[in-house]
2 protein chains.
Amino acid sequence: MADLKAMAVSRAAANAVKRSRAAAKDLATDGSGEAGLQPGELAEFIGYPLKRAQLRIFEDFLRCVAPLQLTPAQFSVLMLLDRNPGRNQTEIAHTLGILRPNFVAMLDVLESRGLCARMRSANDRRSHIVVLTDKGRSVLSRARKLAAKHEARLTELLGSANRAALLAMLSKIATEF
Amino acid sequence: MADLKAMAVSRAAANAVKRSRAAAKDLATDGSGEAGLQPGELAEFIGYPLKRAQLRIFEDFLRCVAPLQLTPAQFSVLMLLDRNPGRNQTEIAHTLGILRPNFVAMLDVLESRGLCARMRSANDRRSHIVVLTDKGRSVLSRARKLAAKHEARLTELLGSANRAALLAMLSKIATEF
DNA sequence: TATTGTTATACTCTATAACTATA
DNA sequence: TATAGTTATAGAGTATAACAATA
């Protein structure tokens, strides 16, 4: 079972690499004389570059964190558990915008890998408190470092002040739009 | 069959509304005393707000363009056809990052709705040149206006200069990262 | 009666292999 | 042989309904 998940992550990373290469090739052919199609006005609608940037960032994140076999979604769960101990499944899932039924299988994977554990709440025996294990904390610590390299490369591309501005605008859109 | 697609778009729009309301409720409870979970360091990784912003923008786009029953992906196809006449399926799909096998069903939908048409190329009888129909141009024209309102609301939120900077950074990430 | 975790299920997206008809 | 469009298929992601245990 752990192998299935490992394969899923590896395959996602492999696909990410393929897409990157295809894009790189496009840029090269644009430089020469092969005539790529024009996005035109489409590139002026925020949704188009936003979606493409999101795919690119997730691709790169996946590749950077591949040694630890963590998807962006799994990383976000571990980060949230670390920061918010003593919370139940519903609270964690809801904060991340994951529907409760879909969070079950996600937690099954993380728990089967020994990264977190479900514990019956003493107060409310319906609830499962989700806790990070020592292994989970260790893996998260290493994941943070790999993800930090990914972020550093982005900062290199945009510049530190621009990256901060980007982060602020994206957060504003996510919470206020 | 057209009904199936219409339902799919309607349902996506309905879900978008639900998510917006849930998020609005969260903000309200944050304001009062219900104690939402802390994203913490997670919010400092670009991927997290980027993904949430992308979902929000697509939600809003879907709602704004709902009268015309167009998804962001369908809109992008029509925009590309309008700007790049005489291209075949492979070229259009590749430019949008859509895999050729997946583009077949997508075009089937647009063609069955009378928005575009496949024409055998005279030069290379393997190719299908994809053309916008008059109806397709008409629908696209109206879609552009609805989408422009959506964009205007975003500009209102961020400010015109900031929105331009955001667009530039997202495009840079999509093409250079 | 309402809520938590869960199962079952379905629909969309995305990805690969392989076929056909052309080149 | 190679390419364009297509089919079949499989895997993620995301959505809803309903059930058991508990409140």
Side-chain angles (χ1 to χ4, degrees), chain A residues 1 3-19 22 51-52 54-55 58-59 62 71-74 76-77 87-94 96-109 111 116-130, chain B residues 1 3-19 22 51-52 54-55 58-59 62 71-74 76-77 87-94 96-109 111 116-130:
Chain A
M1 295 200 182
D3 289 339
L4 283 179
K5 291 85 182 217
M7 282 177 56
V9 177
S10 295
R11 190 143 74 111
N15 291 334
V17 171
K18 285 180 193 174
R19 274 181 298 204
K51 175 73 178 183
R52 302 205 73 132
Q54 184 262 309
L55 289 173
F58 269 43
E59 276 172 24
L62 214 44
T71 65
Q74 290 171 326
S76 71
V77 171
R87 300 304 191 137
N88 68 25
Q89 293 185 199
T90 294
E91 291 170 314
I92 299 291
H94 180 253
L96 294 174
I98 301 169
L99 291 172
R100 276 54 76 206
N102 298 333
F103 194 54
V104 173
M106 225 184 134
L107 261 196
D108 287 347
V109 172
E111 193 171 23
C116 67
R118 291 164 161 105
M119 289 173 39
R120 282 277 169 202
S121 165
N123 309 334
D124 185 342
R125 288 170 39 74
R126 292 172 302 182
S127 290
H128 288 169
I129 302 306
V130 189
Chain B
M1 292 206 183
D3 289 338
L4 283 178
K5 292 85 182 220
M7 282 178 55
V9 177
S10 297
R11 191 144 74 110
N15 291 334
V17 171
K18 285 181 192 172
R19 274 182 297 205
K51 174 73 177 184
R52 302 206 72 132
Q54 184 261 309
L55 290 173
F58 270 44
E59 276 172 23
L62 214 42
T71 64
Q74 290 171 327
S76 71
V77 170
R87 301 304 191 139
N88 65 27
Q89 292 185 202
T90 294
E91 291 170 316
I92 299 292
H94 180 253
L96 294 174
I98 301 169
L99 292 172
R100 274 56 75 204
N102 299 331
F103 194 54
V104 173
M106 226 185 134
L107 261 196
D108 288 346
V109 172
E111 192 170 24
C116 67
R118 290 164 162 106
M119 288 173 40
R120 283 275 169 202
S121 167
N123 309 334
D124 184 342
R125 289 170 41 74
R126 292 172 300 183
S127 290
H128 288 169
I129 303 305
V130 189

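Predicted model, so just to flag it, every value in this text is computed and none were measured. Residue numbers start from 1 in every chain, and the chains themselves are labelled A, B, ... in the order their sequence lines are given, proteins ahead of strands.
For the pair Leu62(A)/Glu59(A), no side-chain contact is recorded, criterion being any heavy-atom separation below 4.5 Å from C-beta on. Using a 4.5 Å cut-off on side-chain heavy atoms (C-beta onward), Arg120(B) and His128(B) make contact.
Listed nucleotides: dT14(D), dT22(C), dT16(C). Nearest to the side chain of Pro101(B): dT16(C). The side chain of Gln89(A) lies closest to dG5(C), out of dA4(D), dG5(C), dT16(C). Set against dA4(D), dA21(D), dT6(C), the side chain of His128(A) has dT6(C) as its closest nucleotide. Ranking dA23(C), dG5(C), dA4(D) by closeness to the Asn88(B) side chain, first place goes to dA4(D).
Atom CD1 of Ile129(A) and atom C1' of dT3(C) are 14 Å apart (whole Å). Following rounding to the nearest Å, Phe103(A) (CZ) and dA8(C) (P) show an atom-to-atom distance of 20 Å. With rounding to whole Å, Asp124(A) atom CG is found 11 Å from dG5(C) atom C1'. Here dT16(D) presents its P atom at 15 Å from CD1 of Ile98(A), a figure rounded to the nearest Å. Summarising the geometry, the separation between CG on Asn123(A) and P on dT3(C) is reported as 18 Å, rounded to the nearest angstrom.
Here the closest heavy-atom approach between residue Asn88(A) and residue Val130(A) is recorded as C-CG2, 4.3 Å. In plain terms, the two heavy atoms of Ser76(A) and Ala73(A) that are nearest each other are OG-O, 2.6 Å.
In terms of the salt bridge (charged side-chain N to carboxylate O under 4.0 Å, His left out) criterion, residue partners of Arg126(B) (sequence neighbours excluded) are, by chain and number, Asp124(B).
One end of the helix from dT1(C)-dA23(D) to dA23(C)-dT1(D) points its axis 10° away from the other end's axis, with each axis taken from 5 pairs and the angle rounded to 10°.
Residue His94(A) forms a side chain to side chain contact (heavy atoms under 4.5 Å, CB included) with just one option from Arg87(A), Arg100(A), Gln89(A), and that option is Arg100(A).
Both Ala73(A) and Arg126(A) lie near DNA chain D, and the one whose nearest nucleotide falls closer to the 5' end is Ala73(A). Each of Leu99(B) and Arg120(B) was assigned the nucleotide of DNA chain C with the nearest heavy atom; the assignment lying further toward the 5' end belongs to Leu99(B).
In the interface, the side chain of Arg125(A) is not paired with the base of dT22(D) through any donor and acceptor atom under 3.5 Å apart. Donor-acceptor pairing under 3.5 Å, judged by distance alone, is present between the side chain of Asn102(A) and the base of dA15(D).
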Would you sort out whether Glu91(A) and Ile129(A) count as a side-chain contact (heavy atoms from CB on, under 4.5 Å), showing the intermediate values?
-> CA-CA 10 Å; Glu91(A) 291 170 314; Ile129(A) 302 306; 5.9 Å; no
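Residue Arg100(B) is in base contact, counting any heavy-atom pair closer than 4.0 Å across all strands shown.
An OP1 or OP2 oxygen of dG5(D) is reached within less than 4.0 angstrom by a side-chain nitrogen or oxygen of Thr90(B).
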